[in-house]
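Nothing fancy with the numbering, it's 1 onward along the sequence.
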Amino acid sequence: MTSLRISLGYELEVRGRSREVEQRAFRNVIDQVVLGDRLGFDTAWFVEHHFTRGFSHSSAPDLVLAAASQRTERIHLGLGVVLLPFQSPIRTAERVATLDVISGGRVEFGTGRGASPLEYQAFRKPFEQSRRIWEDSLEATLAIWNADGEPISRSNEFFEIPGVAVYPRPVQVPHPPVWVASTSLEGYLAAARHGYNLLGMTMLKGIDDVAEDIASYRRCLEENGFDPATRRVALMIPWFVAETRQRAFELAADPVLWYIRRQVNLVTPPDYYDARHATHKVLGQLAAGMPPEEAMATLREHHMVVVDDVEGSRKAAARVAEAGATDLILQAQVGGLAHEHVCASMNLFMTEVIR
């Protein structure tokens with residue numbers, strides 16, 4: 001039995017160009033969240049990306065989660081993450097609070113600044129000031145919720161809150177739990193200085209380097225007056241489990257490698273200059289040209305992905321916990337993996353891996 005909370009994470013990939021394939025992808029992930037609710041998964045996390053054809057069609061995660069909220073009872077609904085620089089804090093506060101109301105207080109509020117210059121160009125925000133805009137937007141969003149329906153004012157180069165009262169108010173008081181997504185040590189420490197929960201991944205660095213960053217995050221929490229035991233750290237990892245390792249490889253190797261070829265080039269954050277990251281980024285870029293067995297062996301060695309049998313998955317989950325994570329987010333639906341295989345893997349994980 002693992003101590004980890006087990007969740008689901010979705011990029012909402014669409015492997016195909018037709019409208020029918022796209023629409024089926026949305027139906028499938030909502031069905032998977034419903035299944036996850038029954039199986040006991042803690043949270044369903046949906047990213048926010050724009051203009052990433054194929055890799056992620058999750059441009060309105062709050063709407064997908066709103067739909068899922070009406071078919072589920074227990075599972076939390078994770079915005080992983082809201083790209084705060086691209087809309088007014090008023091709209092962020094309104095939409096997240098609305099989701100919290102209609103779900104009965106099940107929202108997890110993940111935040112981030114994004115890593116795509118194209119997104120900043122399209123939304124007419126300066127990419128080089130992304131951290132400042134994100135920090136100001138998050139402060140204003142939380143101030144709106146802390147005002148509890150009373151008028152609030154903020155004046156900023158990038159947004160204006162002109163003494164208005166913002167409704168609805170979230171069910172969770174004063175607001176849903178706050179998470180910050182990051183792939184860099186700098187981002188981990190920025191989250192720790194404010195006492196925020198952390199959303200990370202192993203894809204860029206591998207588990208050993210991420211474990212070092214988590215330890216630094218927890219030290220920084222303590223240095224800033226926060227109890228590390230009260231803060232959560234979630235790692236999102238592409239994960240597929242089957243009855244045998246060979247069967248897992250046969251079903252999931254191609255979808256995972258398809259995903260990696262796209263993912264490593266899209267999630268590199270601005271001002272990221274970690275030499276260790278460069279090594280793994282090159283690995284991801286070259287994975288398509290490597291023999292599948294070699295690529296998967298290397299990726300699995302660093303726990304950048306897990307494609308394994310039940311026993312191998314148990315060992316991998318234990319390594320994630322040893323690295324300092326409190327939560328494991330399974331990317332069970334990855335790279336166009338068939339819906340029935342995703343559901344089977346979810347079932348096997350919850351009934352055998354963590355029993």
Enquirer: Given side chain to side chain contact (heavy atoms under 4.5 Å, CB included), test F240 with V256 step by step and report yes or no.
Expert: CA-CA 9 Å; F240 185 80; V256 165; 5.8 Å; no
Enquirer: Main chain of G335, side chain of R15: is a donor-acceptor contact present, judged purely on distance under 3.5 Å?
Expert: yes
Enquirer: Sub-3.5 Å donor-acceptor pair from the side chain of T72 to the main-chain atoms of R74, do we have one?
Expert: no
Enquirer: Kindly compute the distance separating CG (D208) from NE2 (H302), expressed to the nearest 0.5 Å.
Expert: 8.0 Å
Enquirer: Report the distance from atom CG of L330 to atom CE of M350, rounding to the nearest 0.5 Å.
Expert: 8.0 Å
Enquirer: Measure the shortest side-chain to side-chain distance between S69 and R106 over non-hydrogen atoms and say whether it is less than 4.5 angstrom.
Expert: yes
Enquirer: Counting N and O atoms only, with roles assigned by atom type, does the side chain of D42 sit under 3.5 Å from a partner on the main chain of I6, one being a donor and the other an acceptor?
Expert: no
Enquirer: Which heavy atom of A44 sits nearest to which heavy atom of L65, and what is that distance?
Expert: O-CD2, 3.7 Å
Enquirer: For residues D136 and F158, determine if any side-chain heavy atom of one lies less than 4.5 Å from a side-chain heavy atom of the other.
Expert: no
Enquirer: Are any non-hydrogen side-chain atoms of V107 and P170 less than 4.5 angstrom apart?
Expert: no
Enquirer: Please assess K205 against E212 for the test side chain to side chain contact (heavy atoms under 4.5 Å, CB included), listing each intermediate value before the final yes or no.
Expert: CA-CA 11 Å; K205 291 185 174 184; E212 293 179 12; over 6 Å; no
Enquirer: If you look at every heavy atom in L221 and A192, which pair is closest and at what distance?
Expert: CD2-O, 3.5 Å
Enquirer: For Q121, does the CD atom have more than 12 heavy-atom neighbours from other residues, nucleotides or ligands under 6.0 Å away?
Expert: no
Enquirer: When rounded to the nearest 0.5 angstrom, what is the spacing between CG in L199 and CE in M236?
Expert: 8.0 Å
Enquirer: With a 4.0 Å cut-off, would you call R19 and E22 a salt bridge?
Expert: no
Enquirer: Could you check Q32, E13, H339 and say which one makes a side chain to side chain donor-acceptor pair (under 3.5 Å) with Q333?
Expert: Q32
Enquirer: Could you check whether any side-chain heavy atom of T111 comes within less than 4.5 Å of a side-chain heavy atom of W134, counting everything from C-beta outward?
Expert: yes
Enquirer: Is atom CD of E222 surrounded by more than 12 heavy atoms (other residues, nucleotides or ligands) closer than 6.0 Å?
Expert: no
Enquirer: Is K125 close to S130 at the side-chain level, that is, under 4.5 Å between some pair of heavy atoms?
Expert: no
Enquirer: Among F127, F123, F159, find the residue that satisfies the ring-ring contact (aromatic ring centres under 6.0 Å, His included) test when tested with F86.
Expert: F123
Enquirer: Without hydrogens or angle criteria, can the side chains of E160 and S155 be said to hold a donor-acceptor pair below 3.5 Å?
Expert: yes
Enquirer: When you measure from the side chain of N197 to the backbone N and O of V178, does any donor-acceptor pair fall under 3.5 Å?
Expert: yes
Enquirer: Determine whether a donor-acceptor pair (N or O, by modelled atom type, separation under 3.5 Å) exists between the side chain of T326 and the backbone of V233.
Expert: yes
Enquirer: Restricting to salt bridge (charged side-chain N to carboxylate O under 4.0 Å, His left out), what partner residues turn up for R218, sequence neighbours left out?
Expert: none
Enquirer: On the 0 to 90° scale, with breaks at 30° and 60°, tag the F55-Y259 ring pair as parallel, tilted or perpendicular.
Expert: parallel
Enquirer: Quick check: does any side chain N or O of T98 sit under 3.5 Å from a backbone N or O of E94, one acting as donor and the other as acceptor?
Expert: yes
Enquirer: Could you walk me through whether R132 and E135 pass salt bridge (Lys or Arg N to Asp or Glu O under 4.0 Å), step by step?
Expert: CA-CA 5 Å; R132 176 193 161 198; E135 289 176 345; over 6 Å; no
Enquirer: With rounding to the nearest 0.5 angstrom, report the CD1 to CG distance, I329 to L235.
Expert: 8.0 Å
Enquirer: Donor-acceptor pair, distance only, cut-off 3.5 Å: does the side chain of S58 make one with the backbone of V47?
Expert: yes
Enquirer: Could you report the tightest heavy-atom contact between L8 and A332, atom names first, then the distance?
Expert: CD2-CB, 4.4 Å
Enquirer: Is there a side-chain contact between L12 and F46 in this structure, where contact means two heavy atoms from C-beta onward sitting under 4.5 Å apart?
Expert: yes
Enquirer: Heavy-atom distance under 4.5 Å between the side chains of E352 and S313, does that happen here?
Expert: no
Enquirer: So, does N347 use its side chain to make a donor-acceptor pair with the main chain of C343 at under 3.5 Å?
Expert: yes
Enquirer: Minimum heavy-atom separation for I75 and F41, please, with both atom names.
Expert: CG1-O, 3.5 Å
Enquirer: Evaluate the side-chain proximity of L138 to H194: yes if any heavy-atom separation is below 4.5 Å, no if none is.
Expert: no
Enquirer: Which value, rounded to the nearest 0.5 Å, describes the distance between N146 atom CG and R169 atom CZ?
Expert: 13.0 Å
Enquirer: Let me see the working for D309 and K315 under salt bridge (Lys or Arg N to Asp or Glu O under 4.0 Å), right down to the final yes or no.
Expert: CA-CA 10 Å; D309 57 17; K315 292 177 180 177; over 6 Å; no
Enquirer: List the residues meeting salt bridge (charged side-chain N to carboxylate O under 4.0 Å, His left out) with R24, not counting sequence neighbours, and say none if there are none.
Expert: E20
Enquirer: Among Q331, H303, M304, exactly one meets side-chain contact (heavy atoms from CB on, under 4.5 Å) together with M203. Which residue is that?
Expert: M304
Enquirer: How many angstroms lie between CG in L189 and CG in L185, if you round to the nearest 0.5 Å?
Expert: 4.5 Å
Enquirer: Donor-acceptor pair, distance only, cut-off 3.5 Å: does the side chain of D62 make one with the backbone of L99?
Expert: no
Enquirer: Please determine, by modelled atom types, if E108 and H76 share a side-chain donor-acceptor pair under 3.5 angstrom.
Expert: yes
Enquirer: Give me the atom names and distance for the closest heavy-atom approach of M296 to V305.
Expert: CE-CG2, 3.9 Å
Enquirer: If you take the centroid of each ring, where Trp contributes its six-membered ring, are H175 and F109 closer together than 6.0 Å?
Expert: no
Enquirer: Testing the basics here: between A317 and L4, what is the closest heavy-atom pair and its distance to 0.1 Å?
Expert: O-CD1, 3.4 Å
Enquirer: Assess the side chains of R219 and S216: does a donor N or O sit below 3.5 Å from an acceptor N or O?
Expert: yes
